[in-house]
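Numbering of ligands and ligand atoms starts at 1, following listing order. From a predicted model like this one, the values you see are computed outputs, not experimental measurements. Counting from 1, the numbers follow the sequence of the chain as shown. Worth knowing before you read on, the calculation uses all heavy atoms, side chains too, and leaves out hydrogens, waters and symmetry mates.
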Amino acid sequence: MKAVYPGSFDPITNGHLDIIERAAGLCDELVVSVAVNIEKTPLFSVPERVDMLREVCAPYKNVKIDHFHGLLVDYVEGIGAQAIVRGLRAVSDFDFEFQMALMNKRLKPAVETVFLPAASDNMFISSSLLKELSKFDAPIKDLVPPSVEERLKAKLRKDNR
Ligand code: COA
């Protein structure tokens, strides 16, 4: 099975990485794909997010990194994938994720959504919280891969100049 793990990944966290590692173990090929133009104002550009994902996912041989514009289901079908992977952190994620899964199913009945529960250690992580912590120089060492921590620090130093 070929599956897509979509998201904004602004930036990738250990929570995303846990889902990537487990999903990669379930499918033949996992495409981790950065969504362009979703209704968020990103800190990192799409090429920067793709670069970070490439660095961090290098050890997983069946994981590819990509980005996409437009509707997720069109992209999934276009690259010949059969499923969408999403992580669920808490009950609060469920409503929105369930709504998206049902809408995607309505648009393309052949594409399945597979949910993986986030590891309990990662339940509280979100990219926005990490960005906020970094702004105030709070430690984020155990929450993101080391290369992402460096990039976050560098980016915020530059933005504060
Ligand atoms: N561990 C820790 N944090 C996690 C996580 C995990 N396992 N999974 C998600 N998160 C966090 C992210 O860091 C992010 O935090 P933030 O809101 O502070 O940035 C948040 O949860 C949600 O992020 P993400 O999983 O990246 O999803 P998203 O909401 O940014 O993107 C898309 C959702 C891209 C899948 C969706 O918008 C989409 O499909 N867009 C394309 C257009 C389309 O087809 N629309 C119709 C949909 S029906």
Side-chain angles (χ1 to χ4, degrees), residues 2-27 30-46 48-54 56-57 60 63-79 81-136 138 140-145 147-149 151-152 155-156:
K2 179 171 176 174
V4 173
Y5 179 34
S8 40
F9 303 110
D10 185 42
I12 178 175
T13 69
N14 284 351
H16 294 126
L17 196 54
D18 165 60
I19 300 290
I20 292 170
E21 193 173 318
R22 286 157 58 205
L26 294 174
C27 36
L30 180 70
V31 182
V32 180
S33 198
V34 176
V36 183
N37 284 344
I38 58 170
E39 313 225 328
K40 285 184 175 178
T41 312
L43 176 67
F44 291 99
S45 68
V46 172
E48 284 173 326
R49 283 179 272 160
V50 164
D51 264 8
M52 282 188 273
L53 282 164
R54 285 220 169 99
V56 165
C57 296
Y60 310 107
V63 174
K64 298 216 163 66
I65 311 300
D66 195 11
H67 67 279
F68 72 100
H69 299 259
L71 276 183
L72 173 61
V73 282
D74 288 341
Y75 167 74
V76 171
E77 190 182 62
I79 64 165
Q82 295 81 41
I84 297 165
V85 172
R86 295 289 290 165
L88 285 181
R89 283 167 301 169
V91 186
S92 53
D93 281 347
F94 187 78
D95 267 357
F96 176 61
E97 293 295 338
F98 197 59
Q99 215 181 344
M100 275 207 303
L102 291 180
M103 186 58 82
N104 284 332
K105 186 84 185 156
R106 187 172 176 276
L107 292 167
K108 297 274 184 221
V111 175
E112 291 292 351
T113 298
V114 178
F115 292 118
L116 292 179
S120 54
D121 286 354
N122 300 326
M123 289 279 182
F124 60 94
I125 306 179
S126 81
S127 301
S128 309
L129 275 182
L130 286 174
K131 284 180 273 190
E132 191 169 329
L133 291 179
S134 308
K135 246 183 236 165
F136 295 107
I140 54 164
K141 194 168 152 303
D142 299 328
L143 309 177
V144 287
S147 59
V148 174
E149 185 186 6
R151 292 233 200 186
L152 254 174
K155 174 67 105 182
L156 293 168

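Within 6.0 Å of CZ on F124 lie more than 12 heavy atoms contributed by other residues, nucleotides or ligands. Few gaps surround CE on M123; more than 12 heavy atoms of other groups in view lie less than 6.0 Å from it.
Interatomic distance, S8 OG to H16 NE2, rounded to the nearest 0.5 Å: 6.5 Å. Atoms CG and SG, from L30 and C27 in turn, are 4.5 Å apart once rounded to the nearest 0.5 Å.
Under a 4.0 Å criterion applied to the non-hydrogen atoms of G70, ligand 1 contributes the atoms 41 (C), 42 (C). Numbered from 1 in the order shown, with element, the atoms of ligand 1 that lie under 4.0 Å from a heavy atom of M103 read 48 (S). Of all the atoms in ligand 1, the ones that sit under 4.0 Å from a non-hydrogen atom of L72 are 39 (O), 43 (C), 44 (O). Which parts of ligand 1 touch A35 is read off a 4.0 Å heavy-atom cut-off, strictly below it: atoms 34 (C). Heavy-atom proximity to I19, at under 4.0 Å, picks out these atoms of ligand 1: 7 (N). Near S126, the atoms of ligand 1 lying under 4.0 angstrom from a non-hydrogen atom of the residue are 13 (O), 15 (O), 18 (O). Using a 4.0 Å cut-off to heavy atoms of G7, the atoms of ligand 1 that qualify are 26 (O).
Looking at L71, I20, L43, L102 and measuring to atom 45 (N) of ligand 1, the nearest heavy atom belongs to L71. If you check each of R106, R22, R86, H16 against atom 35 (C) of ligand 1, the one with the closest non-hydrogen atom is R86. Residue R89 holds the heavy atom nearest to atom 11 (C) of ligand 1 of all those in E132, R89, H69, M100. With distances taken over non-hydrogen atoms, the option nearest atom 1 (N) of ligand 1 out of G15, A118, P42 is G15.
For S127, heavy-atom contacts with ligand 1 shorter than 4.0 Å involve the backbone as well as the side chain.
Taking distance alone, with nitrogen or oxygen atoms compared against 3.5 Å, S128 approaches ligand 1 more closely than that limit.
Between V63 and I20 there is a side-chain heavy-atom pair separated by less than 4.5 Å.
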>> Could you walk me through whether V76 and D74 satisfy the side chain to side chain contact (heavy atoms under 4.5 Å, CB included) test, starting with their C-alpha distance in whole Å, then the side-chain angles of each, then the deciding distance to 0.1 Å, before giving a yes or no?
In response: CA-CA 5 Å; V76 171; D74 288 341; over 6 Å; no
>> R86 vs D93, test: salt bridge (Lys or Arg N to Asp or Glu O under 4.0 Å). Steps then yes/no.
In response: CA-CA 10 Å; R86 295 289 290 165; D93 281 347; over 6 Å; no
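Relative ring orientation between H67 and H69 is described as perpendicular, the plane-to-plane angle rising above 60° on a 0-90° scale split at 30° and 60°.
Using modelled atom types, one finds no donor on one side chain facing an acceptor on the other under 3.5 Å when comparing S33 with Y5.
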